[in-house]
Amino acid sequence: MPGISIFGSYPKLRWQAFFLAVGLSVCSPPITSDASEPESRDTLQIYFVDVEGGQATLFVTPAGQSLLIDTGWPGHDGRDADRIAAVAGKAGISKIDFVLLTHFHQDHAGGITQLAARIPVGAVIDHGENREHTDATTEQIWKDYQRFLAKDNVKRIIAKPGDTLPIRGIQAKVVSSDGALIQKPLRGAGATNPACKSSGPYPADKTENLRSLGTIITFGKLRILDLGDLTSDKEMELMCPLNRLGHVDVYIVSHHGWSQSGSPALVHGIAPRVAIMDNGETKGGSPPSWDIIKKSPGLQDIWQLHFSKEGGIHHNVADPFIANLAGPDAGNYLKVTARKDGSFDVFNSRTETSKHYAAAD
Ligand SMILES: [Zn+2]
């Protein structure tokens with residue numbers, strides 16, 4: 001008679017036993033559902049492309065419009081552009097309507113030329129000119145970008161805090177740009193932020209990071225925050241003493257989870273339900289930043305694009321929540337499928353499983 005595995009019959013027990021055995025803590029019970037990616041014309045799809053510690057996040061709205069936040073790195077034979085084009089194909093789009101560059105560092109803006117050679121780009125959105133002239137690489141990325149804009153005669157939008165981007169199907173509101181911030185709290189926000197007491201002070205950043213073009217994206221009841229690499233000194237201005245952003249459901253972890261960003265004032269102030277970190281194996285995912293997210297009130301899960309070497313055994317989530325484990329890179333992505341009622345699923349392309357998050361009360 002074949003042996004019966006109690007764990008095979010009770011997957012949750014198996015997981016709990018596993019975590020007890022290895023002494024890890026997890027944010028909540030792991031992934032429960034099926035092998036398919038939830039799809040619907042009524043949903044907002046968000047792909048978190050693995051660009052090895054840079055950023056490339058593709059939003060495809062139910063109206064069929066697309067917004068790509070950042071383009072990954074240059075070079076590498078167009079690796080990042082290939083990965084972005086691949087998920088665009090999965091999403092069924094043949095053009096990216098808007099490419100938003102949060103700032104001009106190479107891990108965000110470096111892939112624009114290679115990307116445009118693979119898929120048409122409708123318009124670009126940025127914070128205005130590069131201000132970090134002392135960094136030769138950044139200056140080169142800026143020059144390449146200028147050449148691309150001139151050659152293809154691409155429409156360019158320079159966004160300011162308070163602007164709403166012209167994307168159909170979602171509301172994308174700019175909260176930071178070129179070092180400036182929204183001055184008034186967003187609707188429903190503006191409470192005193194108790195996490196300010198345990199934050200800072202932080203040194204004034206002098207790079208392109210502090211100029212990151214940050215947006216809050218609203219889809220029905222769901223709110224998603226992306227601040228690029230905005231640094232903690234700016235987070236304090238934005239979140240203290242009054243919380244100008246309010247709560248969000250999904251936090252696209254600032255700066256790949258590096259410790260120059262992601263203060264308690266920001267993270268605990270926005271109190272996300274889920275945090276998604278676009279770290280690489282050797283970039284981002286710093287233990288102090290990871291701990292701040294982990295302790296955030298109301299947090300259900302952290303998802304990571306990569307296992308973080310720096311995080312080691314104590315500062316990484318359980319494997320099912322990681323798109324790329326240690327070892328040869330496979331370019332696996334994470335995907336959020338969101339509904340207007342505020343519910344959403346997170347899909348891991350490595351495990352081909354999803355986890356469902358119910359609408360908030
Ligand atoms: Zn970056």
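For ligands, and for the atoms within them, numbers begin at 1 and follow the listed sequence. From a predicted model like this one, the values you see are computed outputs, not experimental measurements.
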Note to self: Restricting to N, O or S atoms, which atom of Asp107 is closest to the Zn ion (ligand 1)?
What the structure shows: OD2

Next item on the list: With the Zn ion (ligand 1) as the reference point, give the N/O/S atom of His256 that is nearest.
Entry: NE2

Notebook entry, point to check: So, is His105 placed with an N/O/S atom under 2.8 Å from the Zn ion (ligand 1), counting both backbone and side chain?
Noted result: no

Margin query: Less than 3.5 Å apart, any donor N or O on the side chain of Glu132 or His103 sitting next to an acceptor on the other?
Written below: no

Next item on the list: Quick one: the OD2 of Asp229, the Zn ion (ligand 1), NE2 of His108 angle, rounded to 10°, please.
Entry: 90°

Checklist line | N-O pairing of Lys173 and Asp163 below 4.0 Å | finding: no

Checklist line | Identified side chain to side chain donor-acceptor pair (under 3.5 Å) partner of Arg211 from the options Asp126, Asn130, Asp205, Asp178 | finding: Asp178

Item checked: Ring center gap for His356 and Phe344 short of 6.0 angstrom -> no

